[in-house]
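Worksheet: one structure, shown below.
Position 1 is the first residue of the sequence; numbering continues from there.
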Amino acid sequence: MRRTMPVVGVLMITVGVLIAVLSVWTYADKGERKLAEHRMDLAQTDQDRELALDDLHRIESRERLNIATAVGGAVLAAGGGAVLVSVRRRRAVEAGLEPA
């Protein structure tokens, strides 16, 4: 257990950063959103308006999911950092380098 905690911390940081970066990288394109809004403005029939609205809702849903995933990745990375700090502090206390 003593040697696995730093590994767990580093893995949490690595995976968290990877998740956050991939989520931001796959974030919906602004051009795609503008195109959906433009289609909404140009819709002439109710069916066209409904299709454009569905596209816009799909894009907004993907944006919310990507933001939530990026935040989750950042929290995971921060938790990994906290694991590493606690391991270092515990080792410093055990070695007598830091008061308990």
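Separation of atoms CG (D55) and NE2 (H57) is listed at 10.5 Å; rounding is to 0.5 Å. Expressed to the nearest 0.5 Å, how far CD1 of I59 lies from CD of E32 amounts to 4.0 Å. Taking CG of L18 as the start and OG of S23 as the end, the distance is 11.0 Å to the nearest 0.5 Å. Residue L51 holds its CG atom at 12.5 Å from CG of L56, rounded to the nearest 0.5 Å. Separating the CG atom in D54 from the CE atom in M40 is a distance of 9.5 Å, to the nearest 0.5 Å.
With 3.5 Å as the limit, one finds a donor-acceptor pair spanning the side chains of D48 and T45.
Not a single salt bridge (Lys or Arg N to Asp or Glu O under 4.0 Å) links R89 to another residue, sequence neighbours left out. Partners of E50 according to the side-chain hydrogen bond (donor to acceptor under 3.5 Å, both in side chains) rule, which considers only residues two or more places apart in sequence or in another chain, do not exist here.
Connection of M5 to M12 is established within a shared hydrophobic cluster, with ILVMFWY side chains joined at heavy-atom distances below 4.5 Å, either directly or through further cluster members. Linking ILVMFWY side-chain heavy atoms closer than 4.5 Å, directly or via other members, places V8 and I19 in a single hydrophobic cluster.
Heavy-atom minimum distance, A74 versus A20: N-CB, 4.2 Å.
By the 4.5 Å heavy-atom criterion applied to side chains, R49 and Q44 are not counted as neighbours. Looking only at side-chain heavy atoms (C-beta outward), R62 and R58 come within less than 4.5 Å of each other.
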Name each donor-acceptor pair under 3.5 Å that joins a side chain in residues 75-88 to protein atoms two or more places apart or in another chain, with its distance.
from : atom 1 : to  : atom 2 : distance (Å)
S86  : OG     : A82 : O      : 3.3
S86  : OG     : V83 : O      : 2.8

